[in-house]
*Asks:* 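I'd like to ask you about the structure that follows.
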Amino acid sequence: MKITPNILYEILLDELGIQKWWPVDSSYHKNHSSDPRFEVMVGAILTQNTAWSNVEKALTNLKIKKILEIEKISNIDLEHLREMIKPSGFFNQKAQRIKNLASHLHNNYHSDLNCFFDQELFIIRNELLSLNGIGPETADSILLYAGNFPIFVVDAYTKRICKRLPIKAGDSYDEIQLFFQRELNKKYNTEKLTQIYNELHALIVIFVKNYCKKRPECCKCPIRKYCNF
DNA sequence: GTCCAGGGCCGTT
DNA sequence: AACGGCCATGGA
C-alpha cells in the first residue's frame, strides 16, 4: 500500500497520540520572566546529533545559574559556558555557536525576540543560516518551535522513514521539506499547517525512537503494512 | 566494551 | 555536488 505524508500523519497520530513539543519548562520562564523561545533556540543547537537527555542536563545547568537569557549569554565568559553545557557533548563548538547566536540577537535586536521574529519567514531563515553552526534543521526547528512559523523540519529520522517505507520525497533536505509541505498543503489551511508540521515532526521522532530504530522492530510496528523494508 | 543520539563544518575528491 | 572525518558526553 502506498503511503503519503498525509496518511503518515493520520496513522502516527492515531497510533501514538498527540505529543507535546517542543519540551520547554514554561513554569521556569514564568518565575524568571525570561523568554521560552530562547530556550528553544539554545536547545536546538544543543541537541545537534545528541540525545535529549544530555541536552536537559545542560539546560538545567543554565537555569540553575539563571543565565538562560540572551543578554547574559552574549556577555558570558566562553570558558564558563563550556563548563555549563558540557553534558550535551561537542561542548566546545556548541558553546561558541550559542554565544554567537546570543550576540547576534543582542547586537541587532536589543535581545528582543519579538523584533527578531517579527520579520518574514525567509528573512529569518536566511539570517539564521548565515550564522556559524546553524544549518537547515536547526534553523527550521527554531522557526517552527520558537517562531511558530509554518515550516516542516526534516531530520535524520525523517530521511530514514522516507527511505524505508518508501516515500519518494527526494534526497536533499530542501527536496524532502518541499515535498512534505506540498503534500500537507493540499489538505490543510495555513493556520492549521503550523500545527500539523509541529505535530508530525514530533510524531516522527517518537515513532523512530520506539520502532524504526537503526535496527528496526518491525514486528510491533504500527505502520508495517505500508512498509517495504 | 560497543553503539548510538532530534547536525553542521570543513577539507578532499 | 558529494563524501568522510571530526566534534564528545552519557545511557542502553
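No hydrogens, no waters, no symmetry mates; every other heavy atom, side chains included, goes into these values. Below, chains carry the letters A, B, ... as their sequence lines are ordered, and counting in each starts from 1.
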*Asks:* Can you tell me how far apart CZ (A:R125) and CZ (A:F149) are? Round to the nearest 0.5 Å.
*Replies:*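 CZ of A:F149 is found 12.5 Å from CZ of A:R125.
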*Asks:* With a non-hydrogen cut-off below 4.0 angstrom, is A:R215 in contact with a base, only sugar-phosphate, or nothing?
*Replies:* nothing
*Asks:* What is the distance from CD1 of A:I85 to P of C:dA8, rounded to the nearest Å?
*Replies:*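 A:I85 atom CD1 is separated from C:dA8 atom P by 9 Å.
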*Asks:* What integer distance in Å separates A:L59:CG from C:dT9:P?
*Replies:*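 Answer to the nearest Å: 18 Å.
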*Asks:* Check the hydrophobic clustering (I, L, V, M, F, W, Y; side-chain heavy atoms under 4.5 Å; chains of links allowed) and say if A:I151 and A:Y157 are grouped together.
*Replies:*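 They do share one cluster, since a chain of ILVMFWY contacts under 4.5 Å joins A:I151 to A:Y157.
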*Asks:* With a 4.0 Å cut-off on heavy atoms, is A:K57 in touch with a base, just the backbone sugar-phosphate, or nothing at all?
*Replies:* sugar-phosphate
*Asks:* Figure out the NZ/P separation between A:K213 and C:dG11, and round it to whole Å.
*Replies:*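 It works out to 18 Å between those atoms.
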*Asks:* Please list every donor-acceptor pair under 3.5 Å in which a side-chain atom of residues 187-195 of chain A meets a protein atom from a residue at least two apart or in another chain.
*Replies:*
residue : atom : partner : partner atom : Å
A:K187  : NZ   : A:E10   : OE2          : 2.3
A:N189  : OD1  : A:E191  : N            : 3.2
A:N189  : OD1  : A:K192  : N            : 2.9

*Asks:* According to a strict under-4.0 Å criterion, is A:R82 in side-chain N/O contact with OP1 or OP2 of C:dT9?
*Replies:*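 No.
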*Asks:* Treat primed atoms plus P, OP1 and OP2 as sugar-phosphate and everything else as base, then score nucleotides 7-13 of chain B 5' to 3': B for base contact with protein heavy atoms under 4.0 Å, S for sugar-phosphate contact only, - for none.
*Replies:* BSSS---
*Asks:* To the nearest 0.5 Å, what is the distance between OG1 (A:T138) and CG (A:L129)?
*Replies:* 9.0 Å
*Asks:* A:I70 versus A:L113: any side-chain heavy-atom pair under 4.5 Å?
*Replies:* yes
*Asks:* May I have the distance from A:I206 (atom CD1) to B:dA5 (atom P), rounded to whole angstrom?
*Replies:*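 In whole Å, B:dA5 P and A:I206 CD1 are 15 Å from each other.
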*Asks:* Whole-Å distance between C:dT9 P and A:M84 CE?
*Replies:* 15 Å
*Asks:* Have a look at A:K86 and say if it touches a base, only the backbone sugar-phosphate, or nothing, with a 4.0 Å heavy-atom cut-off.
*Replies:* sugar-phosphate
*Asks:* For A:I142 and A:A44, work out which heavy atoms get closest and say how close.
*Replies:*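 Between these two residues, the closest heavy atoms are CG1-CB, 3.9 Å.
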*Asks:* Could you tell me the separation between the CD atom of A:E175 and the C1' atom of C:dA1, rounded to a whole number of Å?
*Replies:* 12 Å
*Asks:* Quantified in whole Å, what is the P atom distance between nucleotide C:dA8 and nucleotide B:dC10?
*Replies:*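 Here C:dA8 and B:dC10 have their P atoms 14 Å from each other.
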*Asks:* Testing the basics here: between A:K214 and A:R164, what is the closest heavy-atom pair and its distance to 0.1 Å?
*Replies:* O-NH2, 2.9 Å
